[in-house]
Amino acid sequence: MTKIAFPQMGDYHIPATYLLTHIFPNDQVINAPKITNKTIELGTKYSPDFVCTPFKYTLGTMIECLEKGANILIQMGGGCRYGYYASLQEKILKDLGYNFKIINLVTKGETNLKRINKLFKQINPKYSKIKTIYYSFITLKMVKYMDIIDDYIRENIGFEQIEGSFEKLKEEMLNEFKHIKGYRNLKKIYKKYLNKFYNLKTYKPDNRLKIGIIGELYTIMEPFSNYYLEKSLAKHHIEIKRFTNVHYLLLEKAKEYKKYQKYAKEYFKYSMGADASDNIARCKYLCENGYDGIIHIKSSFCTPEIGAMPIINKIANTYQKPVLFFSFDSATSKTGIETRLEAFYDMLEMRKEK
Amino acid sequence: MRKIGIPRSLFYYYYGNLWQDFFDALKIDYIVSPITNKEIMEKGMKIAGSEMCLSLKNYLGHIDYLKDKCEYILVPRISNFKNDNQTCTNFWAIYDIVNNLFETKILNYNIDIKKHQTLKKGLFKIGKILNKSHFEIKKAYHYAIIKEKKRLKKNHQINQNKLKSKKTKILITGHPYNLYDELIGKEIIKYLNNNQVEIIYSDKFDPKITNKLSKKISKDLYFKYSKDNLGAIVYSQDKIDGIIFISAFPCGPDSLANELAMRKIDKPYLNIVIDDSTSFAGIETRLESFLDMLGGKLND
């Protein structure tokens with residue numbers, strides 16, 4: 001029997017599981033366990049020395065899934081050296097003695113329906129194409145709704161009146177998303193919860209602090225890998241703005257990139273790989289639109305972001321805005337991050353009072 | 001003050017000769033920055049971000065040396081040679097990094113075959129900026145390209161002759177801007193030369209042959225220079241005694257591509273990663289024992 005597994009990121013395992021269970025109803029989809037310190041230890045142990053951290057996270061998750069009995073792993077790739085992940089992870093895991101098949105949906109930064117069809121046939125030769133298209137559409141919508149609600153939460157969670165109300169409601173919503181029956185059902189649930197979120201009591205003072213988070217996509221979207229940065233900011237009653245989410249990466253990036261290039265043309269002329277040039281434009285946007293500070297996060301050794309960092313620094317200097325750079329590794333200590341965050345927060349407060 | 005400055009780092013080791021021929025034919029005077037010395041390296045480290053790779057730090061040092069010695073600095077941007085032959089993202093970003101960090105005028109062209117930006121178009125653009133006529137540029141371009149092709153053929157031939165040698169043969173796999181740089185890889189090569197080893201450079205093979213061969217290691221590779229290097233391993237695998245991987249810390253493409261190669265080949269290999277605080281004494285010990293091991297193998 002086929003058991004499918006995939007590395008996880010944030011809450012996006014819910015739409016992905018939904019999609020796979022409906023395309024392959026006769027096969028089992030294994031839910032990857034939540035990322036813990038043990039996952040990173042496992043991943044780090046078998047990874048090359050100076051590979052970027054997402055490699056370690058995904059490798060660790062893959063090992064845990066294989067231990068649970070998975071025999072098909074799904075991985076993607078593209079943009080930067082992310083495209084090499086699948087072939088090296090396959091080799092490392094095969095050397096460790098696991099028996100499985102890896103399905104690489106995107107190679108060399110490009111993919112097409114023909115290729116995906118071929119790969120899905122390897123999982124199950126009798127899968128239905130029409131169903132796949134229908135459920136992909138629903139999944140994309142689900143991702144979009146999740147991202148919209150996440151954006152709203154980020155702006156308001158720091159000012160909630162009842163502690164934990166946002167998180168509790170979000171969990172409820174995700175639980176219902178797992179069992180939706182079709183597109184109409186999904187939309188109904190989404191509207192219901194959007195209203196509920198709007199009705200949650202918040203108190204937003206006018207002189208609140210606003211911070212924009214930019215940086216490398218995996219670290220931004222997987223809260224464990226950024227040591228729950230957004231949560232600790234919310235505790236300080238800060239409004240958070242974040243641009244990167246899966247819906248952006250899948251559907252909006254190509255269109256937005258041209259806008260970004262026009263907007264920040266004095267800072268970059270060419271694409272710098274992955275999200276680096278997007279982040280430069282976003283940095284300018286945050287500086288010009290009244291944000292108090294910028295936090296740039298990435299996993300260590302992320303080459304495109306390293307290239308963007310001096311330029312982001314320059315923009316921040318021109319606009320006189322503070323930037324905090326975080327580079328997360330598997331060995332980063334939580335206390336160190338908290339201390340720096342605390343100092344950054346204090347500085348922002350002092351600037352605001354002036 | 002000279003007209004054009006060429007930094008002796010990164011792209012110089014791929015296109016340096018071609019540029020010099022091109023500018024010679026156009027009768028434009030240029031200056032090439034000196035062989036890397038400690039001063040240049042340290043300056044580069046100061047300017048660059050702490051996490052940038054050693055080669056990029058070095059490059060910025062060279063640019064800093066040139067910045068008030070010439071009118072323009074030549075900084076190309078190389079993105080891809082068709083879809084499955086991309087380059088490191090640092091090569092994509094380098095023009096914008098230099099443009100933001102320095103205030104000198106930059107002579108720039110872009111190689112992006114996906115968007116039909118070729119080397120030919122780039123060199124013509126540069127010629128136009130330097131106020132040369134279309135005819136002059138065309139002549140200079142053909143002169144430079146023909147010379148480059150001859151050089152490539154010659155290098156390939158030399159490498160093939162080396163493969164027939166009876167000495168211990170070691171394939172050195174790495175990017176040319178690391179291998180031939182005085183402060184990065186040169187000392188290793190000097191050491192090997194002193195020890196009667198026949199050195200075969202992975203970048204001196206004809207890329208047209210090696211690029212395709214890299215498929216035998218993995219079909220998913222898409223970084224051009226990694227592909228060339230790994231193809232060279234496949235090409236010469238049966239004729240060499242050992243492989244030395246040289247990379248700068250923390251090279252993005254190498255970290256994965258070299259690891260993949262190491263897991264798939266069955267030749268003795270040594271992996272050397274050089275960063276700004278590496279001392280040669282440590283490397284020397286490792287090289288010595290590696291050569292010892294190879295020697296032992298040869299006597300069997």
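Note: hydrogens, waters and symmetry copies are ignored here, and every other heavy atom, side chains too, is used. Note on naming: letters A, B, ... go to the chains in the order of the sequence lines (proteins, then strands), and numbering restarts at 1 for each one.
How far CD1 of Ile126(B) is from CH2 of Trp19(B): 8.0 Å, rounded to the nearest 0.5 Å.
A salt bridge links Asp329(A) with Lys56(A): at least one charged nitrogen is closer than 4.0 Å to a carboxylate oxygen. Contact check on Glu42(B) versus Lys46(B) returns no salt bridge, with no Lys/Arg side-chain nitrogen under 4.0 Å from an Asp/Glu carboxylate oxygen. Taking the charged nitrogens against the carboxylate oxygens, Glu252(A) and Lys255(A) have no contact shorter than 4.0 Å, which rules out a salt bridge. The pair Asp96(B)-Arg77(B) fails the salt-bridge criterion, with no side-chain N (NZ, NE, NH1 or NH2) lying under 4.0 Å from an Asp/Glu carboxylate O.
Using a 4.5 Å cut-off between heavy atoms, Ser226(B) contacts chain A through its side chain alone, with no backbone atom that close. Neither the backbone nor the side chain of Lys94(A) comes within less than 4.5 Å of any heavy atom in chain B. For a residue to count as touching a neighbouring chain, one of its non-hydrogen atoms must lie under 4.5 Å from one of that chain's; by this rule Ser47(A) does not touch chain B. For Phe55(A), the part sitting under 4.5 Å from any heavy atom of chain B is the side chain, from C-beta outward, and nothing else. With a 4.5 Å cut-off on non-hydrogen atoms, Asp112(B) does not touch chain A at all. Interface remark: Ile94(B) contributes no atoms to any contact with chain A (heavy atom separation under 4.5 Å). Residue Ser247(B) touches chain A through its side chain alone, counting heavy-atom pairs closer than 4.5 Å. Only the side chain of Leu101(B) comes within less than 4.5 Å of a heavy atom of chain A; its backbone N, CA, C and O stay farther away. Contacts between Ala48(B) and chain A at a heavy-atom distance below 4.5 Å are absent for every atom of the residue.
Atom CD of Glu39(B) has 12 or fewer neighbouring heavy atoms from other residues, nucleotides or ligands inside a 6.0 Å radius. The environment of Tyr269(B) atom OH is sparse: at most 12 non-hydrogen atoms of other residues, nucleotides or ligands sit within 6.0 angstrom. In this structure, Leu96(A) places its CG atom where more than 12 heavy-atom neighbours from other residues, nucleotides or ligands lie under 6.0 Å away.
With Tyr267(A) as the aromatic partner, Lys284(A) does not meet the cation-pi criteria of under 6.0 angstrom to the ring centre and within 45 degrees of the ring axis.
Among the candidates Val273(B), Leu256(B), Asn258(B), Leu260(B), the residue making the largest number of heavy-atom pairs closer than 4.5 Å to chain A is Leu256(B).
When the heavy atoms of residues 309-316 of chain A are compared with those of chain B, the residues falling under 4.5 Å are Met309(A), Pro310(A), Ile311(A), Lys314(A), listed by number.
Below 30°, between 30° and 60°, or above 60°: for Tyr218(A) and Tyr57(A) the angle between ring planes is between 30° and 60°, a tilted geometry.
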**OP:** Go through the steps for Glu259(B) and Arg263(B) under the test salt bridge (Lys or Arg N to Asp or Glu O under 4.0 Å), then give the verdict.
**Re:** CA-CA 6 Å; Glu259(B) 180 77 18; Arg263(B) 282 171 181 270; 3.2 Å; yes
